[in-house]
Amino acid sequence: MTDSSKGLLYAITTASLWGALAIVLKISLNFFDPFTVVWWRFTMAFSVLASWFLIRKPAYLRILKRPPLNLLLAGLLLGINYIGFMQGVHYTGPAVTQVMIQVGPLSLAVIGFVFFKEKLSWLRAVGFLLAIVGFVFFYYQQLQRMLGEADLLNQGVLWILFGAWAWTGYAVLNKILVKTIPSAQINLVLYGVPALLFIPFADFSSFASIHSFWVVVILLFMGGNTLAAYGSLSLALKYAEANKISIIITSNPVITFVLLEVLLWADVRWFDVPSVSFLSYVGAVMVLAGAVLAIGVFSKRKF
């Protein structure tokens, strides 16, 4: 297998994990509240990574003694991103969350133009316009579907946007930090900060009421997803070109939509799976196509 093929395989793995994650998060809400889920994900990821460093690279743990202030801020923003995404899943469901969260990479692209002086080509401008129209169209279709529940939709979308913009800030800080600090060390702090911050909000009593093997599986998947997805992404970037990887990663909501359609077809009742109208799919495709163009995956320039 060539390096390029390995990279694409790792990128597909990351997209698949993230595509399935939104659905598993929705299922987890049958047993835990959103804040507890987010606390668990960060705590498990931090514990596994810290244990690995303790055995293989003890020197990497030194960063915990005095982490840079901007790294602590990045950890805070990543925590906000996770809870924003989780609340979006809670109020609007996996499909809406996966589409609206694309505001994050689009906002990052805007920062690239404004602060990193990246060139705005006509293709990327078309992408922004297409994505904006797609967002409005998709949102309108969801309003029509959730007649009488507009407040829930609006609340969920606000959480998603809050999380998406927090991710944008995290991504900018991470891009600066990775120039001087190994990414593995960065991740250790990024996982540790939210794990500490969400302790007061976590409901630990919900863990005492676990009586099903499948709930344990859900917990392990949610915690391991962060490590596995970001690990695969790092390997993908090592073996393949970033623009090819970006296309695959940005399309991860497609996997969520496919899985939701499978659940509908199989009449699975793990949670309320609303049918997605054809026009909603049109809006979603516009958002994803616009995002792919706007983030510059076909451009050779990278900020």
Side-chain angles (χ1 to χ4, degrees), residues 10 14 18 35 37-86 101 103-118 159 161-202 222-238 242 245-246 249 295-296 301-303:
Y10 283 124
T14 299
W18 283 344
F35 287 94
V37 170
V38 172
W39 171 83
W40 166 257
R41 291 182 63 196
F42 279 117
T43 299
M44 180 178 167
F46 173 81
S47 300
V48 173
L49 193 57
S51 299
W52 175 258
F53 288 158
L54 185 63
I55 297 171
R56 301 298 296 268
K57 294 183 178 181
Y60 272 28
L61 296 174
R62 294 174 185 169
I63 196 172
L64 296 177
K65 294 182 178 180
R66 189 175 294 178
L69 183 59
N70 53 354
L71 180 51
L72 294 176
L73 177 58
L76 172 63
L77 291 173
L78 187 61
I80 294 173
N81 165 251
Y82 270 52
I83 193 61
F85 188 91
M86 189 70 209
I101 201 67
V103 167
L106 287 170
S107 299
L108 183 60
V110 171
I111 289 178
F113 305 137
V114 177
F115 295 101
F116 293 94
K117 307 302 179 183
E118 191 176 38
W159 272 107
L161 294 177
F162 193 42
W165 287 322
W167 180 89
T168 304
Y170 143 78
V172 172
L173 290 172
N174 192 41
K175 183 170 182 62
I176 296 171
L177 289 162
V178 78
K179 295 178 180 179
T180 56
I181 304 173
S183 59
Q185 279 188 300
I186 291 175
N187 287 340
L188 185 66
V189 178
L190 289 177
Y191 301 153
V193 170
L196 289 174
L197 291 177
F198 282 106
I199 287 177
F201 306 101
M222 291 191 300
N225 186 283
T226 299
L227 286 168
Y230 279 100
S232 296
L233 180 58
S234 297
L235 290 170
L237 291 168
K238 176 181 178 181
I245 295 169
S246 297
I249 298 302
I295 63 178
R301 286 178 60 94
K302 303 288 186 296
F303 67 86

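Model, not experiment: these values are computed from the prediction.
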message: Checking F35 now: which residues fulfil ring pair (Phe, Tyr, Trp, His ring centres under 6.0 Å) with it, not counting sequence neighbours?
response: F201
query: From I186 CD1 over to I176 CD1, what is the distance, rounded to the nearest 0.5 angstrom?
result: 11.0 Å
- request: Can you run down the side chain to side chain donor-acceptor pair (under 3.5 Å) pairs that involve residues 43-58, sequence neighbours left out, and say none if there aren't any?
  value: W39-T43
- prompt: Got a sec, which pairs hit side chain to side chain donor-acceptor pair (under 3.5 Å) with one end in residues 161-172, sequence neighbours left out?
  reply: S107-W165
- prompt: Can you find a heavy atom in the side chain of N225 that is under 4.5 Å from one in the side chain of W18?
  reply: yes
message: Under the criterion side-chain contact (heavy atoms from CB on, under 4.5 Å), I'd like the reasoning laid out for T14 against Y10: C-alpha separation, chi angles, the key distance, then a yes or no.
response: CA-CA 6 Å; T14 299; Y10 283 124; 5.6 Å; no
- line: Sequence neighbours excluded, the answer for side chain to side chain contact (heavy atoms under 4.5 Å, CB included) partners of M222 is V24, L25, S28, V37, W40, R41, I218, L219
Ignoring hydrogens and angles, write down the donor-acceptor pairs under 3.5 Å from the side chains of residues 58-86, residues two or more places apart or on other chains.
from : atom 1 : to   : atom 2 : distance (Å)
N81  : ND2    : G163 : O      : 3.0
Y82  : OH     : T226 : OG1    : 3.4

field: Reported CD1-to-CG distance for the pair I181 and N174, which is rounded to 0.5 angstrom
entry: 9.5 Å
